[in-house]
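Order of the sequence lines sets the chain letters (A, B, ...), proteins ahead of strands, with each chain counted from 1.
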Amino acid sequence: ETGVTQTPRHLVMGMTNKKSLKCEQHLGHNAMYWYKQSAKKPLELMFVYSLEERVENNSVPSRFSPECPNSSHLFLHLHTLQPEDSALYLCASSQGASGGTYEQYFGPGTRLTVT
Amino acid sequence: AQSVAQPEDQVNVAEGNPLTVKCTYSVSGNPYLFWYVQYPNRGLQFLLKYITGDNLVKGSYGFEAEFNKSQTSFHLKKPSALVSDSALYFCAVREPGGFKTIFGAGTRLFVKA
């Protein structure tokens with residue numbers, strides 16, 4: 001499973017820190033996604049990028065800031081987080097820029113703990 | 001609005017027995033339907049999808065799913081469960097042309113030896 005990689009795998013940060021999550025896909029896909037996975041809740045779509053342009057933003061608080069410098073890389077910049085932001089953050093990619101019929105390929109996730 | 005329901009939090013089955021993980025959906029038009037599996041400390045892995053055509057779709061690891069339009073269901077099945085199938089299973093739906101995939105809350109499958 002090296003198609004989509006995420007770093008770091010684990011992150012502990014204080015509420016006043018600034019950190020970034022990194023995602024890289026090696027599949028030649030055109031769309032990339034950030035999801036939040038909390039215990040006993042459905043996956044929450046945070047952001048979608050298609051051909052490096054943001055096409056979906058699901059009312060995510062401004063303390064989360066995405067960046068997609070090219071079609072292979074996706075970042076999630078974090079600042080002044082709250083304890084309820086602790087979760088597993090998953091990156092995914094899919095072939096094609098129109099979503100549609102394509103399945104998504106997920107990275108292993110970053111386990112974030114906000115103290 | 002799109003929605004996906006997985007009515008069972010947990011399914012228990014003995015190894016060698018058939019398994020079914022249920023999924024129902026609500027979406028306008030003809031949806032695209034997906035099943036994913038998540039093992040501990042891993043991301044989600046794609047199992048299979050229904051786009052159009054034959055209502056029975058086959059996927060990875062011997063899994064299959066049956067699309068039933070009248071019942072708006074897309075249940076995941078396997079004829080003979082393995083202990084290694086124990087994991088968290090997610091059903092997902094997407095409207096044609098859209099980027100947004102809606103995931104169910106997940107069903108945890110336990111297969112006992």
Task: Gap between atom CG of Asn41(B) and atom NE2 of His10(A) - 0.5 Å precision - done: 6.5 Å
TODO: Below 4.5 Å from any heavy atom of chain B, which atoms of Arg111(A) appear? Answer side chain, backbone, both or neither.
DONE: neither
Task: Heavy-atom neighbours of Glu84(A) CD exceed 12 at 6.0 Å - done: yes
Open item on the list: Check for me, please, whether Tyr89(B) and Leu56(B) land in the same ILVMFWY cluster - side-chain distances under 4.5 Å, paths through other members count.
Closed with: no
- [ ] Answer with yes or no whether the hydrophobic clustering places Leu82(B) together with Leu88(B); edges join I, L, V, M, F, W, Y residues whose side-chain heavy atoms lie under 4.5 Å apart.
- [x] no
Open item on the list: Quick check against the 3.5 Å criterion: does Arg94(B) have a side-chain atom that pairs as donor or acceptor with the backbone of Tyr102(A)?
Closed with: yes
Task: Among Thr101(B), Leu44(B), Ile102(B), the one residue meeting side-chain contact (heavy atoms from CB on, under 4.5 Å) with Leu43(A) - done: Leu44(B)
Open item on the list: Please check if the number of heavy atoms outside Asn17(B) that lie under 6.0 Å from its CG is greater than 12.
Closed with: yes
TODO: Look up atom OH in Tyr36(B) and atom CD in Gln104(A), then write down how far apart they are to the nearest 0.5 Å.
DONE: 4.5 Å
- [ ] Measure distances from Tyr50(B) to the heavy atoms of chain A and classify the residue's part below 4.5 Å as side chain, backbone, both or neither.
- [x] neither
- [ ] Could you tell me which portion of Gln6(A) (side chain, backbone, both or neither) has an atom closer than 4.5 angstrom to a non-hydrogen atom of chain B?
- [x] neither
Task: Under 4.5 Å from any heavy atom of chain A - which part of Glu95(B) - done: neither
Open item on the list: Can you tell me how far apart OH (Tyr35(A)) and CZ (Phe103(B)) are? Round to the nearest 0.5 Å.
Closed with: 4.5 Å
Task: Val37(B) reachable from Phe74(B) in the ILVMFWY side-chain graph, under 4.5 Å edges - done: yes
TODO: Taking all non-hydrogen atoms of both residues into account, name the closest pair between Lys49(B) and Thr101(A) and its distance.
DONE: NZ-O, 3.0 Å
Task: Connected via hydrophobic side-chain network under 4.5 Å: Leu90(A) and Trp34(A) - done: no
Open item on the list: When you group the ILVMFWY residues by side-chain heavy-atom contacts below 4.5 Å and let the links chain together, are Leu21(A) and Val12(A) in the same group?
Closed with: no
